[in-house]
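Structure first, commentary second.
Only this structure's heavy atoms are used, side chains among them; waters, hydrogens and symmetry mates stay out. For ligands, and for the atoms within them, numbers begin at 1 and follow the listed sequence. Along the sequence shown, the residues carry numbers beginning at 1.
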Amino acid sequence: MHIVLIPGDGIGPEVTAAAKEVIAATGTHIDWIEAPAGLAAVEQFGDPLPESTLDLVRKYRVALKGPCTTPVGKGFRSINVRLRQGLDLYASIRPVKTLPHVKVPFTDVDIVVVRENTEGLYAGLEHEVVPGVVESLRIITKPAAERIVRYAFEFARHHDRRRVTFCHKADVMRLSDGLFLQCARQVADDFPFVEFEERHIDNVCMELALDPTKFDVLVMENLFGDVISDLCAGLVGGLGLVPGANLGSRYAVFEAVHGSAPDIAGKGLANPIAVIRSAAMMLEYIGKRSAAERIERAVCKTLEAGVGLTRDLGGDGTTRTITDALIRHLAV
Ligand code: NAI
Ligand code: MG
């Protein structure tokens, strides 16, 4: 099986290398096809997302990706936006679940964030109208709104989930979220056995802080999904833990919720669990469910044992020590 590996920037190469080791330790053989993206690709190709990288994902269809740095307010457009649009990876799926022995205020959080991944405010369509006045376009289209809500309902149905909550701000963005909401209601009609709920995004934030166990599947626009994903990651112990998948009808790119963490990059301190769990989602996607389940179990056992954990988990270990612990727990 060939899989494209995009190491990315910052902690990306460190955490994706750990994921490769853990997959190999399950006995699953993968032929990794390394493809550049991010700052390294700019130096090499003059483009942070070379067409050759997109072509490799088109050829092999599945990729594991490390985070890529996007400069703030200058330089190139977000690589992630280009990658997701270029491969039409319209659904971002982020399972957020309480893990054993991670100190957090809530137990039993089990939320899946389904984020529209191709349009909305996050697409970054901006221009200067006149000096001192800029405009950001928030494009919402009926086909994109319908397919993401449909994805959320299909996901709920296949995973025995009770409720889909559509999060919006249609009282203020009456046209754009108004259209999204209308699409959501129509799609919900096709799934009478899954409960449908519509809520204002700001209210969802408050409820998540008070009692996140109330929620099941959340579906929303791109930028809302970006913000809510980090919030939800915080509820279960932070960005070092939460995995993700970007899925389309042809291709799939698996990556953690977190970014390139420049503050700890190159120091061997990053927690690789988020990208390792993204790799487990990838293994499940390619039909290697038992290897995926073994990795998930090893993550739980590693947290339970509490040895070699990285600083974000309250330990004094490194990427190396936690990867070794994960590999040890795969064996038992
Ligand atoms: P970030 O997620 O990189 O870091 C936020 C905080 O969480 C930092 O203190 C960092 O040290 C910590 N953190 C993140 N991942 C961690 C891990 N695995 N282990 C331990 N600690 C971890 O977010 P930030 O700082 O907003 O963005 C940094 C860069 O990453 C930016 O250039 C941004 O555009 C990019 N980014 C890329 C993403 C992607 O490629 N999918 C996603 C999010 C951000
Ligand atoms: Mg984000």
Protein contact of [atom] - nearest heavy atom, named by residue and atom, plus distance:
atom                    : value
atom 38 (C) of ligand 1 : Asn80 ND2, 3.5 Å
atom 43 (C) of ligand 1 : Gly259 CA, 3.4 Å
atom 12 (C) of ligand 1 : Ala261 CB, 4.5 Å
atom 30 (O) of ligand 1 : Ser260 N, 3.0 Å
atom 25 (O) of ligand 1 : Pro262 CD, 4.5 Å
atom 8 (C) of ligand 1  : Asp263 OD2, 3.5 Å
atom 6 (C) of ligand 1  : Leu239 CD1, 4.4 Å

Does the protein place any heavy atom closer than 4.0 Å to [atom]?
atom                    : result
atom 40 (O) of ligand 1 : yes
atom 27 (O) of ligand 1 : no
atom 3 (O) of ligand 1  : yes

Below 4.0 angstrom from a heavy atom of [X], which ligand 1 atoms are there? Numbered from 1 as shown, please.
X      : value
Val257 : 42 (C)
Glu255 : 39 (C), 40 (O), 41 (N)
Thr69  : 32 (O)

Worksheet item: Ile295 and Val102: same hydrophobic cluster, using ILVMFWY side-chain contacts below 4.5 Å?
Response: yes

Could you measure the distance from the [atom1] atom of [X] to the [atom2] atom of [Y]? Nearest 0.5 Å is fine.
X      : Y      : atom1 : atom2 : result
Cys167 : Phe215 : SG    : CZ    : 7.0 Å
Asp312 : His258 : CG    : NE2   : 9.5 Å
Leu181 : Glu198 : CG    : CD    : 4.5 Å
Cys300 : Leu326 : SG    : CG    : 10.5 Å
Thr16  : Glu34  : OG1   : CD    : 7.5 Å

Selected option - heavy-atom contact closest to [atom], from [options]:
atom                    : options                      : answer
atom 14 (C) of ligand 1 : His258, Arg311, Lys267       : His258
atom 18 (N) of ligand 1 : Thr70, Val72, Asn271, Asn246 : Asn271
atom 22 (C) of ligand 1 : Ile273, Ile264, Asp312       : Ile264

[X] and [Y] ion-paired at < 4.0 Å:
X      : Y      : answer
Lys301 : Glu304 : no
Arg58  : Glu51  : yes
Asp324 : Arg320 : yes

Practice prompt. Ignoring angles and geometry beyond distance, decide whether Ile11 reaches within less than 3.5 Å of ligand 1 through its nitrogen or oxygen atoms.
Written response: no

Worksheet entry | Residue pair Glu116, Arg84: steps toward the salt bridge (charged side-chain N to carboxylate O under 4.0 Å, His left out) verdict | CA-CA 10 Å; Glu116 202 292 321; Arg84 292 164 191 170; over 6 Å; no

Fill in: Any side-chain donor near an acceptor of the partner, Arg138 and Ser176, under 3.5 Å
yes

Practice prompt. Say whether Glu126 and Ser136, considering side chains only, have a donor N or O and an acceptor N or O under 3.5 Å apart.
Written response: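 Indeed, the side chains of Glu126 and Ser136 share at least one donor-acceptor pair under 3.5 Å.
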
Is it true that [X] lies under 4.0 Å from ligand 1, counting heavy atoms only?
X      : result
Leu269 : no
Lys65  : yes
Cys68  : yes

Worksheet entry | Of all N/O/S atoms in Asp226, the name of the one nearest the Mg ion (ligand 2) |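 Nearest to the Mg ion (ligand 2) within Asp226's N, O and S set: OD1.
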
Discussion item. What verdict does the salt bridge (charged side-chain N to carboxylate O under 4.0 Å, His left out) test give for Arg161 and Asp216, after you've listed the backbone C-alpha separation in whole Å, the side-chain angles of each residue and the deciding distance to 0.1 Å?
Written reply: CA-CA 7 Å; Arg161 291 193 168 255; Asp216 196 339; 2.7 Å; yes

